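A note on names: the letters A, B, ... follow the listed sequences, proteins ahead of strands, and every chain is numbered from 1. For the numbers below, each heavy atom of this structure counts, side chains included, while hydrogens, waters and symmetry mates do not. This structure is a prediction, so every number in the text was calculated from the model and none was measured.
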Protein chains: 2
Amino acid sequence: MDAPNPYAATCPTRQLLDRIADKWTVLLLSLLNDGPIRFNQLRRLIEGISQKMLSQTLRKLERDGLVARKVIPTVPVTVEYSLTPLGETLTRTIDPLIHWAETHMSAVNDAQKLYDRTARG
Amino acid sequence: MDAPNPYAATCPTRQLLDRIADKWTVLLLSLLNDGPIRFNQLRRLIEGISQKMLSQTLRKLERDGLVARKVIPTVPVTVEYSLTPLGETLTRTIDPLIHWAETHMSAVNDAQKLYDRTARG
DNA sequence: CCTCGTCGGTTACCAGAAGTGACTTGATGG
DNA sequence: CCATCAAGTCACTTCTGGTAACCGACGAGG
C-alpha cells in the first residue's frame, strides 16, 4: 500500500489538509470546542466572518464528519452546531496552534519590525 | 492589559493566526522541519505550488521570523531556507496536524460518502 | 392589517487574491 | 552558440471570498 503523502497534489491527505488549514476552520473548531453553539452566536463571536463563509465552512465540516448539525424546531428555528468525536480529536491538535499564536505573538512582532527596518532601509 | 482574543478581527493574534492557518504555510513549515532546503527543491516537493506563491509564502515566513533565508554565492546562486528557533516551536504544533490528517483520512472519507448519500438522496 | 425584526440560510455580483506562463541574469555543458 | 538551471519577477487570467439583497416562517407593535 502507498504511504499517504500530503505533498502530492492528488493524495487525499493533502486535500484534507487544504480544507482544515484554513483560518475560518481553525477559529470555528476552536469555538465549537467550548460546547454546542448556534449559527448566529458563532457569527457574532467571530469578527469579520460573513454569513456565506460561515455556512459554507460549517457545511464543509459537517460533510467531513467533524461537526454535527441539529435543527431545533423553535420559532424562529434554531440550528445548533457541535463537535463530533472525530472533530474533538482534530480540535485537540488545533488548540495548541491558537495557544502558540498567543504566546509567540510579541516575538513575531519584533521580527517583523526588524525585517521591515533592514529590508526596506 | 488586554488578554489576546483571536476572535477579534483587529487582535494581532488573529492576524498572526490568519497567516499561519494557510495550506502552503503548513506544508512549507513541515518540509523545512527536515532541515535546510533550497527554493527549487521545495517547489518540486510540494506539488501544485507556483513559484509566485512559494516565494511569497517564504518571504512572509521570513518576515515573521519563522524562516531564515541564506544566499550562497555559488553559480547559479543558491538560496537555502531553514527554520529559526521560533519557527521550530511553531512546527512542533503543526506536525501533529499533518499526522492527524494521515491517521483520520479514512474516517473523514467515510463521513463524506455517508453525507453525500443522505443529503443528496 | 401592515410592517418590522429574528433566525438560518441562499444567490448574484464584484474586488482582490491566487494561479499561469513568459522573462531575467549569468555561468556552464553539449 | 544555443539550451539549461538557479531564484525569482511581472503581466495576465482565473477563481475564491466578501457584500448585500432576498427568502420563508413567525411574533410583536402600531
#### Entry: Electrostatic pair Lys23(A):Asp22(B) at N-O distance under 4.0 angstrom
no
### Message
Please determine whether a side-chain nitrogen of the Lys or Arg among Asp64(B) and Lys60(B) lies less than 4.0 Å from a carboxylate oxygen of the Asp or Glu.
### Response
no
Looking at the side chain of [X], which of [options] is the nearest nucleotide?
| X | options | result |
| --- | --- | --- |
| Met53(A) | dG17(D), dT19(D), dG8(D) | dG17(D) |
| Asn40(B) | dA7(D), dA18(C), dT6(C) | dA7(D) |
| Trp24(B) | dG26(C), dG19(C), dG8(C) | dG19(C) |
| Tyr81(B) | dG8(D), dG19(C), dG18(D) | dG8(D) |
| Ser55(B) | dG19(C), dG8(D), dG8(C) | dG8(D) |
| Val79(B) | dA18(C), dG17(D), dG8(D) | dG8(D) |
| Gln51(A) | dT9(D), dA27(C), dT10(C) | dT10(C) |
| Phe39(A) | dG18(D), dG9(C), dC7(C) | dG9(C) |
| Val77(A) | dG8(C), dG19(C), dG17(D) | dG8(C) |
| Arg69(A) | dG18(D), dG9(C), dG26(C) | dG9(C) |

For atom [atom1] of [X] and atom [atom2] of [N], their distance in whole Å:
| X | N | atom1 | atom2 | answer |
| --- | --- | --- | --- | --- |
| Lys70(A) | dC7(C) | NZ | C1' | 17 Å |
| Ile46(A) | dG18(D) | CD1 | P | 12 Å |
| Gln56(A) | dG17(D) | CD | P | 7 Å |
| Ile49(A) | dT19(D) | CD1 | P | 11 Å |
| Arg19(A) | dG17(D) | CZ | P | 13 Å |
| Lys52(B) | dT14(D) | NZ | P | 14 Å |
| Glu80(B) | dA6(D) | CD | P | 14 Å |
| Asp22(A) | dC15(D) | CG | P | 19 Å |

### Task
Considering non-hydrogen atoms only, spot the tightest contact between Val77(A) and Ile72(A) and give its length.
CG2-O, 3.6 Å
### Task
Give a yes or no on whether the backbone of His99(A) and the side-chain of Thr103(A) come within a donor-acceptor separation of less than 3.5 Å.
yes
### Message
Test your reading of the model: is there a side-chain donor-acceptor pair from Arg14(A) to the backbone of Tyr7(A), 3.5 Å cut-off?
### Response
yes
Any [X] side-chain N or O less than 4.0 Å from OP1/OP2 of [N]:
| X | N | answer |
| --- | --- | --- |
| Arg59(B) | dG8(D) | no |
| Arg38(B) | dA7(D) | yes |
| Arg44(B) | dA6(D) | yes |

### Task
Decide yes or no on side chain to side chain donor-acceptor pair (under 3.5 Å) for Tyr115(B) and Arg63(A), but give the supporting numbers first.
CA-CA 6 Å; Tyr115(B) 181 93; Arg63(A) 180 166 184 259; over 6 Å; no
#### Entry: Along DNA chain D (nearest heavy atom to each residue), the more 5'-positioned of Gly48(A) and Val75(A)
Gly48(A)
